[in-house]
Amino acid sequence: MKSLAVKATAVLLAAAFGVGTAYAAESLQDVMKRRGLNQQDVLSAAKTYTPSGKRDEFMAFSSGGQSGQVIVYGIPSMRIIKYIGVFTPEPWQGYGYDEESKAVLKGGWIDGKEITWGDSHHPAISETNGQYDGQFLFINDKANPRIAVLDLRDFETKQIVANPIFKSDHGGAFVTPNTEYVIETAQYAAPLEAKKFYPLEEFNEKYRGGITFWKFDRTAGRIDVPKSFSLELPPYSQDLSDAGKGPSDGWSFTNSFCSERYVGGIERGRPPFEAGCSAKDTDYLHVINWKKAVELVAQGKAKKINGHDVLMMDTAVKEGILFLIPEPKSPHGVDVTPDGKFIIVAGKLDTHVSVYSFDKIMAAIKAGKFESKDPYGIPVIGMRDTLHTQVELGLGPLHTQFDSKKCVAYTSLYVDSQVAKWNFCDGKVLDKISVHYNIGHLMTMEGDAADPKGRYLVALNKLSIDRFNPVGPLHPQNHQLIDISNDKMQLLYDMPLPLGEPHYAVAIEASKLKPGVRYKVGTNSRTDKPHPGAVRAGEEKIESKNGKVTVYGTLIRSHITPEIIEVEVGDEVTINLTNLERAQDETHGFTVSTYNVHASIEPGKTSSVKFKADKEGVYPYYCTEFCSALHLEMQGYLLVKPKGWKATTKEMAKAAYTEKDYQATLKKIADTQAVIDSVVGFITSTNYKDFPDVVNMVEDATDQLNKTADAKAKHEAAAAKKDWEQANLWAEQVFQYQVKAADIGLRAKTYLEQNGAKKLK
Ligand code: K7E
Ligand code: CUA
């Protein structure tokens, strides 16, 4: 202790007199000069820098693009906080390497085939009354038409459903205002029947688009597949969707491109897709009465395709639930305003955004005022009859998000690489800011909900040329943070996102998220149900019959029970493990050498790994998380024995411990106890009971200390018999429990010191 204090004093003196440490006395001006920062940079830094221990105001969930994952980061710090495995195996979380998560991924198999990647595009947060409620997150896979459900209590993927009739999907995931349904639309038209071939010559007759309404069961936290249905749509390359809200609740809107129904064919001497798909001046905005569609399905008016309810176009037309409105050339996306009164569409090949009035659309439908029918008999409402206004914004307008300020919207301009701030009520442009190259989506805080929060905007840029230190031909994406709280937008920060191409992101007020810190002991986190393989401390066992070995084990600092697993070659081995920890952040990982299994087992969770022990030999298993001082010793052996193997050696190797070793260990125990007593003295002299996290830590430390009694009885009994090996080893075990208790105790002490605990009198 003394030597440490002397050292600290020396360092302080050196700093005070400028000895040795050149930067010790640098002023803000010095730093600005040295790093070439101007006032604006320093202001930006002050707006984004989040000091150690401080948290973000908003949490963003970004699609992970081709990684098939979700990326969670904080705003305004832009610190990446978590990657979540969704469509793709994710080793850290054991996702795809333990049995529970394999079952989730299996839900996303298509035509009986395993699919291990996804092209995730659009996340959506569950809503109540059109406002983000922070309970669930949904995201689509464009390549293999699927939707995933994530629970925000533990940030885990709980379910993947494969679309029964599409071959691709882009317009997902979007939720209705109370998350009754999750919307998914097809992109590239194809025959709806599974594994059915029709030549491209029959494109107009046999190829179809569509929209699926996945029924979400909020209580179960899962999509209810049998109660979900789709609507057959023309082969117009449906793109994105949005659900109406407020006055437009019950309706949904989907934009499209390539309503020319062009099918390409360079090799047949025809112009390419891009020419044929943008020939007309307009495409179609699809307007759908989904509430009425639900009733029609309930009345049995749907047809079964691949075992799934599909409302066919002729039914939809007859029942008056499907309409089209021309929209400017090759639009990308459709966004309903927070008040639910307007629908905004931007044509990529047009410089305008078009603002449609929901009232005018309804009036035209009511009056039966249609300008024509499309080739499938769907009524087409005139564009001029439904437009509220059109605003010229710039080149390549794509996506729109909203501000907390009334009527204020932001639209990304892909070709101009700008964000335009404009007013959708009076059609005025308010401000523009240049961003880095080729912005795709943009995101404001809760910016697609009924009550956007304003404050910040993130530009999701496709390219990052020259922004970051070069890392070879494949560049990261660039998310740029922009301050939108003032009239003029201000660029604050560039964040490289190095995990696929994130298309869209959503951000929610951090205070709305209430994730748990542990599971109820023995929970299968992927089903939220008790795990049949769970056991409590002392109930661990290994069952072996008919070539199947099942282990019921536990994990707690710093041991795996059991520590030896013996099987015969060819046995099918299942290892169930329950993490008995109650302390926060005490995750244990588990793997077995060369059997390609891994699990991340957080406090309370039960996970299982399964494999065929098809190789004779000795395979160490261990904990993969640095969970405690004796983490490296959290190990065991899987012994895969040859068939009919007989033991010849009787005893395990012994270490030669003496009475002196034993006495030395006892001394170590006494010293450690003195440290523990002083920490306990500190904690109990404060109002620690006012800090739930500390109360948890104290309970955990007490648990560890309580375990010393049994080990103490054992070392004393062995010492009485002069068995110094056993005596010393059990005494060492007492020390191990003390170390864990002291570790947690010190953590609690630091917490109290940093969080202003008061001394009790
Ligand atoms: Cu890339 Cu929404 Cu899939 Cu636009 S999408 S950019
Ligand atoms: Cu448990 Cu490392």
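Atoms within each ligand, like the ligands themselves, are counted from 1 in listed order.
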- Message: Within rounding of 10°, what is the angle whose vertex is atom 1 (Cu) of ligand 2 and whose arms end at SG of Cys623 and ND1 of His588?
- Response: 120°
- Aromatic plane relationship, Tyr284 with Tyr236 - under 30° parallel, 30 to 60° tilted, over 60° perpendicular: tilted
- Query: Listing residue and atom name, which protein N/O/S atoms are closer to atom 2 (Cu) of ligand 1 than 2.8 Å?
  - Reply: His122 NE2, His441 NE2
- Looking at atom 1 (Cu) of ligand 2, is one of the N, O or S atoms of Cys627 less than 2.8 Å from it? yes
- Message: Taking the cut-offs as 6.0 angstrom to the six-membered ring centre and 45 degrees off its axis, would you call Lys421 and Tyr410 a cation-pi pair?
- Response: no
- Message: If only side-chain N and O atoms count, and only distance matters, is there a donor-acceptor pair under 3.5 Å linking Ser600 with Glu625?
- Response: no
- Message: Could you check whether Trp290 and Tyr181 have their ring centres less than 6.0 Å apart?
- Response: yes
- Task: Run the contact test for Lys462 against ligand 1 with a 4.0 Å cut-off on heavy atoms, strictly below, and give the result.
- Result: yes
- From Met634, does some N, O or S atom reach closer than 2.8 Å to atom 1 (Cu) of ligand 2? yes
- Can Asp703 and Lys707 be counted as an ion pair, charged N to O under 4.0 angstrom? no
- Query: Regarding Thr411 and Trp422, is there a side-chain donor-to-acceptor distance under 3.5 Å anywhere?
  - Reply: yes
- Message: Centroid separation under 6.0 Å, is that true for the rings of His332 and His170?
- Response: yes
- Query: Just checking, Lys82 and Phe61: is the charged tip under 6.0 Å from the six-membered ring centre and within 45° of the axis?
  - Reply: no
